[in-house]
Amino acid sequence: MAAVSGLVRRPLQQVSGLLKRRFHRTAPAALQVTVRDAINQGMDEELERDEKVFLLGEEVAQYDGAYKVSRGLWKKYGDKRIIDTPISEMGFAGIAVGAAMAGLRPICEFMTFNFSMQAIDQVINSAAKTYYMSAGLQSVPIVFRGPNGASAGVAAQHSQCFAAWYGHCPGLKVVSPWNSEDAKGLIKSAIRDNNPVVVLENELMYGVPFELPAEAQSKDFLIPIGKAKIERQGTHITVVAHSRPVGHCLEAATVLSKEGVECEVINLRTIRPMDIETIEASVMKTNHLVTVEGGWPQFGVGAEICARIMEGPAFNFLDAPAVRVTGADVPMPYAKILEDNSIPQVKDIIFAIKKTLNI
Amino acid sequence: MRKMLAAVSRVLSGAAQKPASRVLVASRNFANDATFEIKKCDLHRLEEGPPVTTVLTREDGLKYYRMMQTVRRMELKADQLYKQKIIRGFCHLCDGQEACCVGLEAGINPTDHLITAYRAHGFTFTRGLSVREILAELTGRRGGCAKGKGGSMHMYAKNFYGGNGIVGAQVPLGAGIALACKYNGKDEVCLTLYGDGAANQGQIFEAYNMAALWKLPCIFICENNRYGMGTSVERAAASTDYYKRGDFIPGLRVDGMDILCVREATRFAAAYCRSGKGPILMELQTYRYHGHSMSDPGVSYRTREEIQEVRSKSDPIMLLKDRMVNSNLASVEELKEIDVEVRQGVSSSSSFGTQITLPPV
């Protein structure tokens with residue numbers, strides 16, 4: 001992990017490395033891979049590795065996936081492993097949970113997490129709580145995945161972020177990948193995990209290409225669930241985000257860097273269990289905290305981070321109150337100008353950072 | 001008098017003496033098996049149903065009798081413990097419905113699967129847990145099958161998936177277990193139970209659709225005890241022909257108070273599923289003596305006369321006993337001995353149950 005992030009963030013060292021006299025080595029190429037293809041690869045590798053893994057959901061098979069995330073899988077694995085379901089979220093989520101209880105390892109796709117609300121009883125009461133209620137006798141090795149949060153112009157019923165809702169529940173693990181490396185490593189870890197895992201993808205990120213470093217191209221590349229990643233080191237302020245807003249935070253950091261403000265950007269990667277230790281260590285270094293999320297403010301991910309910072313050792317290191325940047329507290333409007341102003345933008349993040357730093 | 005005392009002391013002196021006396025008595029007096037007529041099942045989308053006669057062996061009869069009596073006494077003990085506030089929260093008892101859990105188990109293999117809702121104590125026993133583990137769980141003890149963390153509605157065993165608290169949610173789960181059976185190719189079936197109240201849940205129809213579409217080896221079983229909590233079937237369902245509610249899924253309506261009827265129907269249904277034809281639906285017409293749960297006296301929405309009539313005319317344990325005695329498969333005394341043994345067994349299980357330590361915090 002450290003090696004990978006070093007490669008990305010220290011161009012100067014790379015150049016000086018090249019200038020040293022060395023035998024020529026062909027370094028494995030870092031590929032450009034979209035988030036969509038990264039998830040596809042991750043699922044493909046796990047389907048190949050373990051025959052108990054299977055995928056079910058609406059349009060996942062013959063349509064190649066509503067967002068083409070499962071493209072090619074039905075052709076490769078057939079009807080038994082890639083199953084098209086009728087439009088029956090509660091029913092097929094329950095069927096997936098039952099199959100997991102009986103020893104299979106289903107990946108249950110919700111076309112978007114908005115539709116998971118129809119099945120939320122099966123996710124929470126049948127999947128999340130069972131291991132505990134049975135005192136460890138009955139495990140539920142299931143993955144629920146799909147796009148979460150705002151898209152573009154799909155309005156209120158199709159734009160809700162469920163990170164806080166699922167992150168609230170003991171018994172569930174909840175992950176929220178940002179880039180391709182995250183997406184691939186986390187989906188693989190989720191599938192191999194014996195607990196129910198909710199994977200909150202992002203539709204707007206599906207088509208975005210990222211460099212997939214060499215080690216992420218291995219079939220055993222896993223990202224541990226429960227560990228955040230410091231995407232950019234900084235000294236003046238800690239900025240924590242998950243999913244698409246991580247990119248916006250990095251943009252904001254680039255702008256602010258020109259003004260002499262160095263932001264430390266943390267990519268949460270996992271919502272539950274939250275890696276509060278990484279955030280605490282960072283806040284104890286920078287003395288300032290801003291959280292950024294796409295979801296609504298009340299009872300959200302940022303609220304939880306702030307509460308935990310207050311409860312832990314980092315509180316005494318804060319030089320200013322922590323600030324949350326969130327989606328607007330409204331059902332998502334349709335008109336572009338309204339929609340754009342209902343989600344955190346780079347300017348909102350910069351504003352919050354400057355306010356916290358009192359500059 | 002002395003003879004009676006001797007007989008009583010023999011009965012009370014423990015199991016060790018009995019096998020010898022029973023074997024002696026058996027080889028001299030009893031039939032090995034008998035054939036009985038059972039009620040014909042109403043059929044939906046089926047040309048033929050289960051047979052209308054069945055053979056009961058003495059051995060099976062005694063086993064079923066003992067099992068049903070154990071479930072009965074265990075439930076009555078739970079009633080007692082609840083009133084003593086040693087069991088808390090929800091407690092849904094199934095006395096009156098013993099022919100269902102024992103009869104279903106008699107028609108399947110231990111390698112088959114079963115899932116039900118919250119009226120689950122009987123199934124927890126028939127699927128293999130001991131009365132002691134069940135009562136310890138009900139009383140929140142560490143020796144309970146879920147170490148005190150699950151309680152009445154969340155007890156699990158091998159190939160038994162609970163115990164589920166959300167009405168109807170267990171039905172898609174059961175279809176999913178059936179999917180796993182088909183996926184693994186092992187010729188196993190899943191019995192997926194729900195009540196007359198749950199039968200109106202939408203997710204059940206979603207499960208029917210997918211089970212039929214994918215030909216899952218799922219036996220959907222509606223345990224119709226005439227009341228969904230306090231609402232009679234007439235007040236809850238536009239169609240009370242629960243065995244037909246699967247529409248495109250074939251169904252049978254079964255006398256759920258007759259254990260032999262339940263057993264034959266289950267064998268029929270399991271054979272149907274195992275042949276790869278897809279799901280089938282069974283409605284078991286049964287009755288619960290207790291209210292919906294321990295907080296429901298059960299007499300505000302039905303008459304005491306009705307309860308008493310079922311008890312006197314259709315009690316499943318009584319029906320089996322009469323059949324066995326009348327066809328010389330067992331004697332009244334022998335069955336009484338079983339009653340006493342079972343009572344003692346449940347009693348000792350419950351006193352142990354209240355003594356096991358509490359779960360660690």
Side-chain angles (χ1 to χ4, degrees), chain A residues 50-58 61 77-106 108 115 118-142 170-171 196, chain B residues 113 115 129 133 137 142-186 188 190 192 201-214 216 218 359:
Chain A
D50 184 351
E51 60 178 28
K52 294 205 278 296
V53 177
F54 71 99
L55 171 67
L56 89 170
E58 293 156 10
Y77 295 102
D79 287 330
K80 181 181 173 184
R81 314 274 310 276
I82 313 291
I83 304 175
D84 274 336
T85 65
I87 306 173
S88 315
E89 273 75 8
M90 200 166 185
F92 73 69
I95 283 178
V97 175
M101 287 179 172
L104 298 183
R105 305 189 75 92
C108 176
F115 313 142
Q118 300 199 294
I120 201 163
D121 175 68
Q122 296 289 4
V123 178
I124 306 301
N125 280 319
S126 302
K129 296 179 185 172
T130 294
Y131 188 72
Y132 183 89
M133 288 194 299
S134 67
L137 273 176
Q138 179 65 68
S139 60
V140 187
I142 189 169
Chain B
H113 308 261
I115 188 170
L129 290 193
E133 286 172 293
E137 184 58 33
R142 195 158 42 163
C145 50
K147 300 182 189 156
K149 291 184 180 175
S152 166
M153 297 187 293
H154 309 296
M155 297 192 278
Y156 303 81
K158 188 166 197 304
N159 298 340
F160 175 59
Y161 303 82
N164 288 275
I166 306 296
V167 171
Q170 77 278 11
V171 179
L173 294 181
I177 296 162
L179 187 146
C181 290
K182 182 169 180 180
Y183 193 102
N184 291 327
K186 283 205 203 131
E188 294 161 3
C190 182
T192 301
Q201 268 265 315
Q203 58 185 314
I204 292 185
F205 295 89
E206 294 188 12
Y208 287 161
N209 182 39
M210 286 183 271
L213 204 55
W214 301 332
L216 303 181
C218 186

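Below, chain A is the first sequence line, B the second, and so on; all start at residue 1. For the numbers below, each heavy atom of this structure counts, side chains included, while hydrogens, waters and symmetry mates do not.
Looking at B/Ile204, there are no atoms closer than 4.5 Å to chain A (heavy atoms on both sides), in backbone or side chain. For B/Asn159, no part sits under 4.5 Å from any heavy atom of chain A, backbone or side chain. Proximity to chain A (any heavy atom under 4.5 Å) is shown, for B/Cys190, by neither the backbone nor the side chain. Residue A/Glu51 touches chain B through its backbone alone, counting heavy-atom pairs closer than 4.5 Å. Neither the backbone nor the side chain of A/Lys129 comes within less than 4.5 Å of any heavy atom of chain B. In this structure, chain A has heavy atoms under 4.5 Å from both the backbone and the side chain of B/Ile177.
Stacking of A/Lys80 on the aromatic ring of A/Phe54 is not recorded, the 6.0 Å distance cut-off and the 45° axial limit not both being met.
A distance of 15.0 Å separates NZ of B/Lys182 from CD of B/Glu188, quoted to the nearest 0.5 Å. Note: B/Leu173 CG to A/Gln122 CD = 5.0 Å, rounded to the nearest 0.5 Å. Residue B/Tyr156 holds its OH atom at 5.5 Å from CG of B/Asn164, rounded to the nearest 0.5 Å. In this structure, CE on B/Met155 lies 10.0 Å from CD on B/Glu133, to the nearest 0.5 angstrom. Rounding to the nearest 0.5 Å gives a distance of 5.0 Å between CD1 of A/Ile82 and CG of A/Leu55.
Highest contact tally toward chain B, considering only A/Ala135, A/Ser126, A/Ala100, A/Ala93, is held by A/Ala135 [criterion: heavy-atom pairs under 4.5 Å]. For the set A/Gly103, A/Gly94, A/Ala119, A/Ala96, the count of heavy-atom pairs under 4.5 angstrom toward chain B peaks at A/Gly94.
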